[in-house]
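First the structure, in the form of structure tokens, and then the observations on it.
Bear in mind the structure is a predicted one, so any value in this text is a computation, not a measurement. Just so we're on the same page: letters track the sequence lines, and every chain starts at 1.
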Amino acid sequence: MDRSFYLKDTLQIAKDLLGKYLVHESSEGRTVGRIVETEGYLGVEDPASHAYEGKRTERTEDQYRSGGHAYVYLIYGMYHCFNVVTRGEDEPESVFVRALEPIEGKELMKERRGLKEASGKKILELTDGPGKLCMAMGIDEEDSGKDLCGDELYIVWPSREEDLDIQTGKRINIDYSREAKKWPWRYYIEDNEYVSRKDR
DNA sequence: CTCACGATTAGA
DNA sequence: CTAATCGTGAGA
């Protein structure tokens, strides 16, 4: 995906990223996951965003880069969250990737997730949540700020395109954000079993 | 320096 | 439902 893809409207990108493939070429091997659930975070006007009212700190600095960079942070002292930065430089908006469907490198994903013997139902737990997918894909704070238009961590179109049944809902776990928790900026592929929460 | 707080997850 | 777990950043 080239730079221009990431400079558009954030909610449009949140929708457009569904069905695309996130690829990570790491020293341990290559993993690929199909994006099935996203949320838009609209920067200065969004009480749920780390950049609300222009708040800018060392931790959130990468969100101020131009569209097409990664913004990764640690949450609850133990999990990582992966975001795709959108819009131009100093427009701190992003798309939070909440779930993937494993496509390639499933053995490596199982190892990283500590589910070596996993099969059947357990395979669903590889990437069905923001912290889980970072673990499975080997994404951590080292990856924050990386250019997604590069050749290490990037996003591509699937070989064959398909029609997706896209659903919308409220974003998850942002109770601290007052009225913003009602805004329907979460997108997911209907009936996809890797979506993190099936409830509304 | 202190301390409250998470864009989560696993497990009871 | 709650505990786990710790870097960050606001405030003293």
Side-chain angles (χ1 to χ4, degrees), chain A residues 10-11 13-15 17-18 22 33 35-65 67 69-87 91-102 109-145 148 167-188 193-200:
Chain A
T10 299
L11 295 182
I13 296 172
K15 257 177 285 190
L17 280 176
L18 295 176
L22 174 64
I35 299 171
V36 300
E37 180 183 358
T38 60
E39 287 178 352
Y41 283 83
L42 301 208
V44 299
E45 302 165 31
D46 179 1
S49 168
H50 292 163
Y52 183 48
E53 292 179 322
K55 183 169 144 175
R56 184 168 185 158
T57 65
E58 196 172 351
R59 177 180 78 132
T60 64
E61 193 58 27
D62 289 324
Q63 202 172 18
Y64 285 78
R65 288 173 173 265
H69 289 265
Y71 167 46
V72 182
Y73 63 90
L74 185 67
I75 188 73
Y76 297 107
M78 49 187 134
Y79 300 107
H80 295 278
C81 288
F82 170 72
N83 292 257
V84 174
V85 177
T86 56
R87 298 209 151 235
E91 294 180 284
E93 303 190 13
S94 67
V95 173
F96 178 38
V97 178
R98 285 196 56 89
L100 300 174
E101 177 179 333
M109 290 184 185
K110 286 183 197 173
E111 258 175 67
R112 286 168 167 163
R113 290 274 296 116
L115 302 170
K116 194 78 168 93
E117 310 303 320
S119 64
K121 187 178 174 194
K122 280 284 181 185
I123 198 122
L124 289 173
E125 297 174 23
L126 246 30
T127 54
D128 64 339
K132 299 180 195 180
L133 74 87
C134 281
M135 232 182 290
M137 295 291 289
I139 295 171
D140 61 24
E141 54 268 312
E142 291 286 295
D143 298 298
S144 196
L148 300 175
Q167 291 295 309
T168 301
K170 297 173 190 168
R171 292 175 292 177
I172 311 287
N173 287 347
I174 53 165
D175 290 348
Y176 57 84
S177 74
R178 316 281 300 168
E179 81 270 31
K181 67 185 180 200
K182 302 177 192 161
W183 302 347
W185 294 349
R186 172 177 179 238
Y187 302 90
Y188 56 97
E193 49 190 359
Y194 291 91
V195 168
S196 68
R197 299 197 189 181
K198 282 70 189 172
D199 55 307
R200 221 124 296 178

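When the P atom of dT9(B) is taken as reference, atom CG of L115(A) falls 13 Å away, rounded to whole Å. Spacing between atom CE of M78(A) and atom P of dG11(B) amounts to 12 Å, rounded to whole angstrom units. Between the CD1 atom of I139(A) and the P atom of dT8(B) there is a distance of 16 Å, rounded to whole Å. The separation between I174(A) atom CD1 and dC5(B) atom C1' is 16 Å, rounded to whole Å. Following rounding to the nearest Å, D175(A) (CG) and dC5(B) (C1') show an atom-to-atom distance of 14 Å. The CZ atom of R178(A) sits 16 Å away from the P atom of dA7(B) (whole-angstrom rounding). Y79(A) places its OH atom 15 Å from the P atom of dA3(C), with the value rounded to the nearest Å. Atom CD in E58(A) sits roughly 12 Å away from atom P in dA10(C) (whole-Å rounding).
Looking at the side chain of P130(A), the nearest of the listed nucleotides dT9(B), dA7(B), dG9(C) is dT9(B). Each of dA7(B), dG7(C), dG9(C) was ranked by its minimum atom distance to the side chain of L74(A); first place goes to dG7(C). When distances run from any side-chain atom of I75(A) to the nucleotides dA4(C), dA10(C), dT8(B), the shortest one goes to dT8(B).
For K55(A) and dA10(C), the shortest distance from a side-chain N or O to OP1 or OP2 is below 4.0 Å. Contact annotation: K132(A) reaches the phosphate of dA10(B) (side-chain N/O to OP1 or OP2, under 4.0 Å). A sub-4.0 Å separation between OP1 or OP2 of dA7(B) and a side-chain N or O of R186(A) is absent. Checking the phosphate oxygens (OP1, OP2) of dT8(B), a side-chain nitrogen or oxygen of N173(A) falls inside 4.0 Å.
Cation-pi geometry between R197(A) and Y188(A) is not met at under 6.0 angstrom from the ring centre and within 45 degrees of the axis.
Comparing Y176(A) and R113(A) against DNA chain B, the residue whose closest nucleotide sits nearer the 5' end is Y176(A).
Heavy-atom minimum distance, G138(A) versus R112(A): N-NH1, 3.5 Å.
The residue G131(A) sits close only to the backbone: its heavy atoms come under 4.0 Å of sugar-phosphate atoms, none of a base. At the heavy-atom level, R171(A) lies nowhere under 4.0 Å from the strands shown. Nucleic acid contact for E141(A): none, since no nucleic acid atom lies under 4.0 Å from a heavy atom of the residue.
Pairing partner, dA7(B): none, since no Watson-Crick or wobble contact has both distances short of 3.5 Å. As the counterpart of dT5(C), no nucleotide is assigned, since no Watson-Crick or G-U wobble pattern has both distances under 3.5 Å.
Of the charged side-chain nitrogens involved, at least one lies within less than 4.0 Å of a carboxylate oxygen, so that R87(A) and E93(A) count as a salt-bridged pair.
Looking at heavy atoms from C-beta onward, L11(A) lies in side-chain contact with Y187(A) at the 4.5 angstrom threshold.
Heavy-atom neighbours of E58(A) CD from other residues, nucleotides or ligands within 6.0 Å: at or below the threshold of 12.
You'll find a donor-acceptor pair under 3.5 Å spanning the side chain of Y73(A) and the base of dA7(B), going by distance alone.
Residue side chain Y76(A) fails the stacking definition with respect to dG6(B), as its ring centre and the base's six-membered ring centre are not both under 5.5 angstrom apart and under 30 degrees in plane angle.
Tested against M137(A), the residues K132(A), M109(A), H80(A) include a single side-chain contact (heavy atoms from CB on, under 4.5 Å) partner, M109(A).
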